[in-house]
Amino acid sequence: MPTNSTIGYGITFAIWNGASYTNFVEVLDAIPPQYSRDAIDATHHASPAGFKEYIPGLKDGGEVTMTLNYIPSASDAYLAAFNASSAGQFRITLPNAVTCTFGGVITSYAPNTPRDDKMTSEIVIKVSGQPVWA
């Protein structure tokens, strides 16, 4: 059976600006939401053979990490989003047009200005609520 795998070239990453989505520019890499779930210890004194027992707890959308070329500007949109006092709305569009939309808070904005290489920045977004895939 032939593979259906593709490369990630062509993704877009965008933030809601109040009227429409605005793409982040020159995205190098993006890691979509990384899901996890709490495991709640439900062990009791009669748990079989003395083994711990767990029940599923709350789910977490994790974090989204994006690396992009850093283009310094006095009106840096990424810094403005980091400084915002409310959560933002974000959308990742994959090459096959599948989208992931989620609310989140930018928790880290880290420009990197090496002496002998291109400037980059990394943005980390803590996902708030359930990401929606369409």
Side-chain angles (χ1 to χ4, degrees):
M1 170 183 249
T3 184
N4 291 317
S5 184
T6 63
I7 62 173
Y9 178 80
I11 66 152
T12 60
F13 198 109
I15 185 171
W16 182 254
N17 66 19
S20 63
Y21 280 98
T22 300
N23 284 338
F24 287 88
V25 295
E26 299 195 26
V27 175
L28 302 173
D29 293 301
I31 300 172
Q34 305 292 296
Y35 299 101
S36 66
R37 168 180 261 166
D38 295 332
I40 308 299
D41 188 341
T43 308
H44 51 87
H45 290 286
S47 289
F51 277 85
K52 289 186 173 186
E53 297 181 86
Y54 294 90
I55 58 174
L58 295 175
K59 295 176 260 187
D60 188 330
E63 293 181 333
V64 171
T65 303
M66 174 179 51
T67 305
L68 44 97
N69 285 331
Y70 177 51
I71 304 166
S73 169
S75 59
D76 191 328
Y78 310 122
L79 186 56
F82 174 78
N83 286 326
S85 59
S86 61
Q89 189 70 19
F90 302 90
R91 181 181 68 198
I92 299 172
T93 304
L94 301 174
N96 64 354
V98 169
T99 61
C100 178
T101 306
F102 58 94
V105 176
I106 296 178
T107 59
S108 174
Y109 173 58
N112 181 15
T113 57
R115 176 181 48 85
D116 62 349
D117 201 356
K118 69 180 176 185
M119 296 187 296
T120 60
S121 61
E122 182 177 271
I123 297 173
V124 178
I125 302 165
K126 178 62 182 158
V127 175
S128 179
Q130 180 180 8
V132 176
W133 290 86

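Keep in mind that the numbers below use all heavy atoms, side chains included, and drop hydrogens, waters and symmetry copies.
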Residue pair I106, I123: steps toward the side-chain contact (heavy atoms from CB on, under 4.5 Å) verdict
CA-CA 7 Å; I106 296 178; I123 297 173; 3.9 Å; yes

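- Judged purely by atom type and a 3.5 angstrom limit, R37 uses its side chain to pair as donor or acceptor with the backbone of G57.
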How far apart are the C-alpha atoms of V27 and M66, what are their side-chain angles, what is the distance that settles it, and do they pass the side-chain contact (heavy atoms from CB on, under 4.5 Å) test?
CA-CA 7 Å; V27 175; M66 174 179 51; 3.9 Å; yes

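- Counting heavy atoms from C-beta on, the side chains of F24 and I15 come closer than 4.5 Å.
- Rounded to the nearest 0.5 Å, atoms CD1 (I31) and OG1 (T65) are 5.0 Å apart.
- Cluster membership check: V124 does not share its hydrophobic cluster with V127, using side-chain heavy-atom separations under 4.5 Å among Ile, Leu, Val, Met, Phe, Trp and Tyr.
- Listed here is the closest heavy atom pair of I92 and P32: CD1-CA, 3.9 Å.
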Do W133 and L94 pass the side-chain contact (heavy atoms from CB on, under 4.5 Å) test, and can you show the C-alpha distance, the side-chain angles, and the key distance before you say yes or no?
CA-CA 11 Å; W133 290 86; L94 301 174; 3.9 Å; yes

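- Screening residues 14-30 for side chain to side chain donor-acceptor pair (under 3.5 Å) gives N17-T22, E26-N69 as the qualifying pairs, with residues at least two apart or on separate chains.
- Nearest heavy-atom pair across P33 and V64 is N-CG2, 3.6 Å.
- Proximity of E63 to I125: side-chain heavy atoms (C-beta onward) are nowhere separated by under 4.5 Å.
- Looking at every heavy atom in both residues, L68 comes nearest to V25 through CB-O, 3.8 Å.
- The local environment of CD1 in I55 is crowded, with over 12 non-hydrogen atoms from other residues, nucleotides or ligands closer than 6.0 Å.
- Within the structure, side chain to side chain donor-acceptor pair (under 3.5 Å) pairs that include any residue of residues 107-123 comprise D76-Y109 (at least two apart or interchain).
- Using a 4.5 Å heavy-atom cutoff, the side chains of I11 and P95 are in contact.
- Note on F90: it does not cluster hydrophobically with L28, by side-chain heavy-atom contacts below 4.5 Å among ILVMFWY residues.
- The hydrophobic cluster containing Y9, built from Ile/Leu/Val/Met/Phe/Trp/Tyr side-chain heavy atoms closer than 4.5 Å, also comprises I7.
- Y78 is connected to F82 through a chain of hydrophobic side-chain contacts under 4.5 Å among Ile, Leu, Val, Met, Phe, Trp and Tyr, so both are in one cluster.
- For T43 and E53, the side-chain atoms include no donor-acceptor pair closer than 3.5 Å.
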Kindly indicate, with the supporting measurements, whether the criterion side-chain contact (heavy atoms from CB on, under 4.5 Å) is fulfilled by D60 and K126.
CA-CA 10 Å; D60 188 330; K126 178 62 182 158; 2.7 Å; yes

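- The closest side-chain heavy-atom distance from P72 to M119 is below 4.5 Å.
- Side-chain contact between K59 and Q130 is absent, with no heavy-atom pair separated by less than 4.5 Å.
- Within the 4.5 Å cutoff, side-chain heavy atoms of P131 are placed close to those of Y35.
- By the 30° and 60° cut-offs, the orientation of the rings of F102 relative to F13 is perpendicular.
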